[in-house]
Amino acid sequence: MKYYIKTFGCQMNEHDSEIIAGILESAGYQPAEDLAAADVIVINTCCIRESAENKIWGYIGNLKACKYQKPGVILAAVGCMMQQKTIVDLLKRQGRHLDIVLGTYQQHRLPEYISRVLAGESPIVDISEDNQDFPDELPCRQSCKYSAQVNIIYGCNNFCSYCIVPHVRGRERSRDFSAIMSELHSLAKTGIKEIMLLGQNVNSYGKDWRRQGQTEAPDFADLLQAASQVEGIERIRYMSSHPRDFSPQLVDIISDLPKVRDYYHLPLQSGCDRILQAMNRGYSTADYQAILAQIREKTPQAAVTTDLIVGFPGETEADFQQTLDFVAKCRFDAAYTFLYSPRSGTPAATMAEQVPLAVKKERLQRLVALQNSISLEHNQEYLGQNVQVLVEGLSKNNPDFYTGRTSSNKIVIFKGQPEQIGQLVDLTITGAKTWHLEAF
Ligand code: SAH
Ligand code: SF4
Ligand code: F3S
């Protein structure tokens with residue numbers, strides 16, 4: 001039997017798909033070359049914004065053709081979008097052609113459910129939130145030979161008022177410290193050079209145990225320090241961190257960890273205090289600025305990127321102007337910018353004063369233009385500098401060149417060799433663009 005996985009969504013979903021592949025392969029399945037060759041098709045879904053859900057509805061619709069061509073093919077949808085009861089009800093009403101629907105808590109049971117479908121049961125829906133027996137260790141099919149993702153905490157307790165994630169990924173559950181460390185050691189043995197520690201809010205690592213009275217439980221700083229000791233791992237990244245939980249002590253600790261300290265991603269969301277409060281973010285622009293100042297003071301070489309949402313309900317032109325001013329002040333290396341998308345079941349979706357789409361789009365354009373000019377200025381500071389780059393492979397846009405990343409997570413395009421893939425190479429920067437650096 002052959003499987004094919006289509007993944008939507010964030011890095012956490014990418015990694016979940018690697019685990020689903022690992023689980024299926026342990027159960028004897030093999031990867032299919034393409035959709036048509038697959039006996040089982042798995043769609044790993046996302047619901048962070050309406051645009052993601054629309055794309056997924058389209059993809060699921062197109063899979064009907066696969067069922068016609070190969071009636072025995074098993075179609076399974078898993079992941080965040082499927083964890084929503086409203087979506088499952090809609091799927092049921094529409095009599096969609098899916099055989100298996102699993103939420104975020106149950107996807108490790110996929111082989112068991114496939115066997116049940118093969119035995120004649122279909123459709124099967126399991127979006128139960130029971131995760132009592134969720135395993136700490138699961139097989140994983142590593143999609144990259146030099147960089148790997150490692151789960152450290154599941155779920156989120158923050159309930160930002162716009163965000164669906166806590167509703168579909170549940171409350172925070174830290175992963176066992178020794179399970180994480182043994183995974184890091186075995187990854188290092190296979191030649192992995194870079195690891196990405198994953199969680200919706202990595203700063204919360206261990207807090208669930210502390211709340212239960214385990215005062216000696218390890219925290220995120222302990223994890224970063226221990227991970228830094230793993231020989232062979234050269235770079236450690238993490239995704240995402242929350243500014244509210246970014247203490248001065250944590251910045252101090254990171255500043256002493258060369259494998260970690262050159263890159264920060266610290267989602268700001270808005271530069272207006274009133275909006276931040278309505279978003280339930282738990283920090284003010286002044287708090288944010290204080291962390292940023294400390295990062296810049298301790299590690300002036302570090303790059304800092306952020307996430308921003310425009311058009312949150314009630315955001316006025318003056319509020320948005322405050323975001324522009326604050327972004328100009330913070331001088332991020334890059335920003336991931338999003339149009340606010342109402343998510344049903346979240347408080348923001350029913351707030352009065354939803355901002356019209358045309359206004360959101362116009363604001364987004366202004367924000368992107370401002371950020372692009374700042375990104376370019378940052379990149380120009382690299383001209384003539386020597387950097388160390390972890391080589392990723394051929395550039396997608398220009399196959400005459402290779403692409404890699406600096407320790408500050410900047411993309412560098414250069415003339416490389418195939419044997420350099422997965423290696424650290426030293427380069428001198430000769431060109432700077434908005435989104436990448438050049439060394440040729
Ligand atoms: N835990 C991560 C968030 C993951 S979602 C964090 O807090 O950083 C990634 C980004 O998507 C968020 O930072 C936010 O900027 C954006 N986002 C989340 N919900 C959104 C919504 N309803 N509309 C638009 N953007 C949203
Ligand atoms: Fe969503 Fe906020 Fe949790 Fe991030 S911290 S996943 S934005 S609720
Ligand atoms: Fe999407 Fe779920 Fe990630 S909603 S952004 S795949 S946590």
Side-chain angles (χ1 to χ4, degrees), residues 6-17 19-20 43-56 77-84 87 103-105 107 149 151-172 196-205 207 238-246 264-271 275-276 278-283 288 305-313 315 323 327 332 334-351 354-355 357 360-361 363-364 367:
K6 171 74 183 172
T7 310
F8 295 86
C10 64
Q11 260 151 326
M12 201 155 298
N13 255 23
E14 295 284 343
H15 186 49
D16 282 349
S17 289
I19 292 174
I20 294 166
I43 314 128
N44 194 0
T45 64
C46 169
C47 52
I48 195 80
R49 284 169 286 274
E50 194 187 357
S51 53
E53 283 195 345
N54 289 343
K55 255 193 261 166
I56 293 164
V78 303
C80 295
M81 182 176 163
M82 296 302 136
Q83 190 62 50
Q84 300 172 95
I87 295 289
T104 54
Y105 301 82
Q107 43 204 41
Q149 300 172 331
N151 284 325
I152 65 164
I153 179 166
Y154 307 99
C156 181
N157 286 5
N158 289 318
F159 288 95
C160 301
S161 61
Y162 51 81
C163 185
I164 192 78
V165 171
H167 305 267
V168 294
R169 292 251 177 192
R171 297 299 70 72
E172 290 169 356
M196 165 76 85
L197 304 175
L198 289 178
Q200 289 303 340
N201 180 12
V202 290
N203 310 104
S204 281
Y205 182 75
K207 283 190 190 160
Y238 48 88
M239 191 88 165
S240 274
S241 50
H242 196 298
R244 189 200 48 215
D245 300 322
F246 228 97
Y264 284 86
H265 179 68
L266 210 51
L268 168 66
Q269 313 300 1
S270 168
I275 296 294
L276 282 176
M279 286 176 161
N280 191 29
R281 288 291 287 178
Y283 55 84
Y288 190 96
T305 60
T306 199
D307 290 351
L308 294 160
I309 297 177
V310 300
F312 184 83
E315 184 190 74
T323 294
V327 165
F332 298 109
Y336 301 89
T337 50
F338 306 103
L339 296 175
Y340 166 71
S341 172
R343 304 283 66 212
S344 123
T346 64
T350 49
M351 284 179 187
Q354 298 283 327
V355 177
L357 184 62
K360 288 190 223 177
K361 284 187 173 166
R363 287 181 188 165
L364 187 77
L367 179 60

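All of these numbers come straight from a predicted model, not from anything done at the bench. Counting starts at 1 for both ligands and their atoms, in listed order. These values consider heavy atoms only, across backbone and side chains, with no hydrogens, waters or symmetry-generated copies.
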For this session: Say whether, by atom type as modelled, one donor and one acceptor occur between the side chain of Gln84 and the main chain of Gly345 under 3.5 angstrom.
Result: no

Exercise. Hey, mind stepping through Glu172 and Ser204 against side-chain hydrogen bond (donor to acceptor under 3.5 Å, both in side chains) and telling me if it holds?
Worked result: CA-CA 8 Å; Glu172 290 169 356; Ser204 281; 3.1 Å; yes

Exercise. Under 2.8 Å from atom 2 (Fe) of ligand 3, which protein N/O/S atoms are there?
Worked result: Cys80 SG

Problem set entry | Exam field: side chain Gln107 to backbone Val78, donor-acceptor pair closer than 3.5 Å | no

Problem set entry | Residues forming a salt bridge (charged side-chain N to carboxylate O under 4.0 Å, His left out) with Arg343, sequence neighbours excluded | Glu53

Exercise. In ligand 3, which numbered atoms sit nearer than 4.0 Å to a non-hydrogen atom of Gln200?
Worked result: 7 (S)

Exercise. So, His265 versus Tyr238, ring centres under 6.0 angstrom or not?
Worked result: no

Problem set entry | Close side-chain approach of Lys207 and Asp245, heavy atoms under 4.5 Å | yes

Exercise. Using a threshold of 4.0 angstrom between heavy atoms of the protein and any atom of ligand 1, which residues qualify?
Worked result: Ile48, Arg49, Tyr162, Gln200, Ser240, Pro267, Gln269, Arg281, Asp307, Ile309, Phe338, Leu339, Tyr340, Ser341, Arg343

Problem set entry | N, O or S atoms of the protein lying under 2.8 Å from atom 2 (Fe) of ligand 2 | Cys160 SG

Exercise. How about Gln269 and Tyr162: do any of their side-chain heavy atoms sit closer than 4.5 Å?
Worked result: yes

Seminar exercise, completed: of all protein heavy atoms, closest to atom 7 (S) of ligand 2 is Tyr162 OH, 3.4 Å

Exercise. Would you find a donor on one side and an acceptor on the other, under 3.5 Å apart, between the side chain of Ser341 and the backbone of Arg49?
Worked result: no

Problem set entry | Heavy-atom donor-acceptor pair, Thr337 side chain to Leu308 backbone, under 3.5 Å | no

For this session: Describe, in one word, how the ring planes of Tyr283 and Tyr288 are oriented to each other, choosing from parallel (under 30°), tilted (30 to 60°) and perpendicular (over 60°).
Result: tilted

Exercise. Given the rule in the side-chain hydrogen bond (donor to acceptor under 3.5 Å, both in side chains) test, do Asn44 and Ser17 qualify, once you have shown the distances and angles that lead to the verdict?
Worked result: CA-CA 7 Å; Asn44 194 0; Ser17 289; 3.0 Å; yes

Exercise. So, Arg244 and Asn203: side-chain donor and acceptor under 3.5 Å apart, yes or no?
Worked result: no

Exercise. Taking atom CD1 of Ile309 and atom CG of Leu367, what is their separation to the nearest 0.5 Å?
Worked result: 11.5 Å

For this session: In sequence, state the C-alpha distance, the side-chain angles, and the governing distance for Lys360 and Glu315, and then conclude on salt bridge (Lys or Arg N to Asp or Glu O under 4.0 Å).
Result: CA-CA 10 Å; Lys360 288 190 223 177; Glu315 184 190 74; over 6 Å; no

